[in-house]
There are 2 protein chains.
Amino acid sequence: MAISDVDCCETYELHPDRINLVNAGMPDEDKLYDLAELFKVFGDSTRIRILYALFESDICVCDLAETLQMTQSAVSHQLKILKQSKLVSSRREGKSVFYFLADDHVRTMINQGLEHVSE
Amino acid sequence: MAISDVDCCETYELHPDRINLVNAGMPDEDKLYDLAELFKVFGDSTRIRILYALFESDICVCDLAETLQMTQSAVSHQLKILKQSKLVSSRREGKSVFYFLADDHVRTMINQGLEHVSE
DNA sequence: TGAACATATGAATAATTGTTCATATGTTCA
DNA sequence: TGAACATATGAACAATTATTCATATGTTCA
């Protein structure tokens, strides 16, 4: 029934102690999924560049598009994803919409990632 | 020539001060790419589950496959990606290969992500 | 109200990617 | 050495996704 019965592990010398220990520490499926989804949002260089831009200053869609040399549409699509993940928020000022970082986890996570890739 | 000339920003009221500020703080293209690639590795629930497993104990491929109810091949492919990103390392013990976390950034990053999704 | 500006969004396309299947490589032990 | 075990890997397929294009929504101001 399980994958192990029909596939790779019929004859493997398993280590039940380790398997139980690992399963005990494993978060719920929902949490794992949410966590992966969050990282997936960071896993695109366009979105990383948008977040970096917001490190410095609140900024409107038009300025973002100009800064990143992208179309307004592409930027807008990515901002929507960032907003759904609650990494950014926005406020309207007249015709413009300004985006800003929703909280400081973003900086912390990106800095932690930078430490890793800088080694 | 630039995208802005032909597309979205011909008539936009840009804010040069903000744009310059943002560009000054923007890391190199290479660094941005590496950073996005790193996050992309975290952005898959299978790999997150593997990393969680390694929080508890070094573990061999077979036990990982059994624990996560996946085929040995799928686990092995993902371990390769994690290893290329230097998030895990491995040592051989006889026929088995044991994997373990390469450094503590992994824990820090995942915990930081958890804080965000737990709000 | 109507025209111009600024942003958002749906559909389509191209590119990326996780898993499976088949098989290759590496290790142990009789 | 040969057989069985454990892991790694290449090719193929299905699913996801970033961007583009066309257009809709929302705002200001004459």
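Quick note on labels: first sequence line is chain A, next is B, and so on, each numbered from 1. Excluded from the calculations below are hydrogen atoms, water molecules and symmetry mates; all remaining heavy atoms, backbone and side chain alike, are included.
Applying the salt bridge (charged side-chain N to carboxylate O under 4.0 Å, His left out) rule to A:E115 yields no partners; only residues at least two apart in sequence or on another chain are considered.
Ion pairing between a basic and an acidic side chain is recognised when a charged N comes within 4.0 Å of a carboxylate O; A:R91 and A:D58 show such pairing. Between A:R107 and A:D104 there is a salt bridge, since a side-chain N of the basic residue sits under 4.0 Å from a carboxylate O of the acidic one.
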- Summarise how protein sits on nucleotides 22-30 of chain D as a single string, 5' to 3': B when a protein heavy atom is under 4.0 Å from the base, S for sugar-phosphate-only contact, - for no contact. B----BS--
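Between B:S90 and B:K83, the side chains place a donor N or O and an acceptor N or O closer than 3.5 Å (distance only, hydrogens not considered).
In A:K86, the NZ atom is not crowded: 12 or fewer heavy atoms of neighbouring residues, nucleotides or ligands sit closer than 6.0 Å.
A ring pair (Phe, Tyr, Trp, His ring centres under 6.0 Å) check over residues 34-55 of chain B, counting only residues at least two apart or in different chains, returns the pairs A:F39-B:F42, A:F42-B:F39, B:Y52-B:F55. Among residue pairs with one or both ends in residues 73-108 of chain B, those qualifying as ring pair (Phe, Tyr, Trp, His ring centres under 6.0 Å) are A:H116-B:H105; sequence neighbours excluded.
When atom types are taken as modelled, the side chain of A:D28 and the backbone of A:K31 share no donor-acceptor pair closer than 3.5 angstrom.
Here the shortest heavy-atom pairing between A:L21 and B:S57 reads CD2-CB, 4.1 Å.
Note on A:Y99: only backbone sugar-phosphate atoms sit closer than 4.0 angstrom, heavy atoms only; bases stay farther off. Counting any heavy atom pair closer than 4.0 Å across all strands shown, B:S96 reaches sugar-phosphate atoms only and no base atom.
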- For B:V22 and A:D63, run side-chain contact (heavy atoms from CB on, under 4.5 Å): C-alpha distance rounded to whole Å, both residues' side-chain angles, the deciding distance at 0.1 Å, then the answer. CA-CA 10 Å; B:V22 162; A:D63 284 350; over 6 Å; no
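Note: CD1 (B:I50) to C1' (D:dA8) measures 14 Å, nearest angstrom. The distance between atom CG of B:L68 and atom P of C:dT20, rounded to the nearest whole Å, is 12 Å. Atom C1' of nucleotide D:dA11 and atom NZ of B:K80 are separated by 13 Å, given to the nearest angstrom. In this structure, B:Q69 places its CD atom 12 Å from P of C:dT20, rounding to the nearest Å. In this structure, CZ of B:R91 is placed 15 Å from C1' of D:dA6, rounded to the nearest angstrom.
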Using the 3.5 Å cut-off, write out each protein N or O paired with an N or O of nucleotides 16-19 of chain C and the distance between them.
from	atom 1	to	atom 2	distance (Å)
C:dG18	OP1	B:R47	NH1	3.3
C:dG18	OP1	B:R47	NH2	2.9
C:dG18	OP2	B:R47	NH1	3.3
C:dT19	OP1	B:T46	OG1	2.7
C:dT19	OP2	B:Q78	NE2	3.0

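Interatomic distance, CD1 of B:I19 versus CD of A:E66, reported as 5.0 Å (0.5 Å rounding).
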- Using Watson-Crick and G-U wobble pairs with both distances under 3.5 Å, what is the 5'-to-3' dot-bracket string of DNA chain C, with [ ] for crossing pairs and | for pairs outside the strand? ||||||||||||||||||||||||||||||
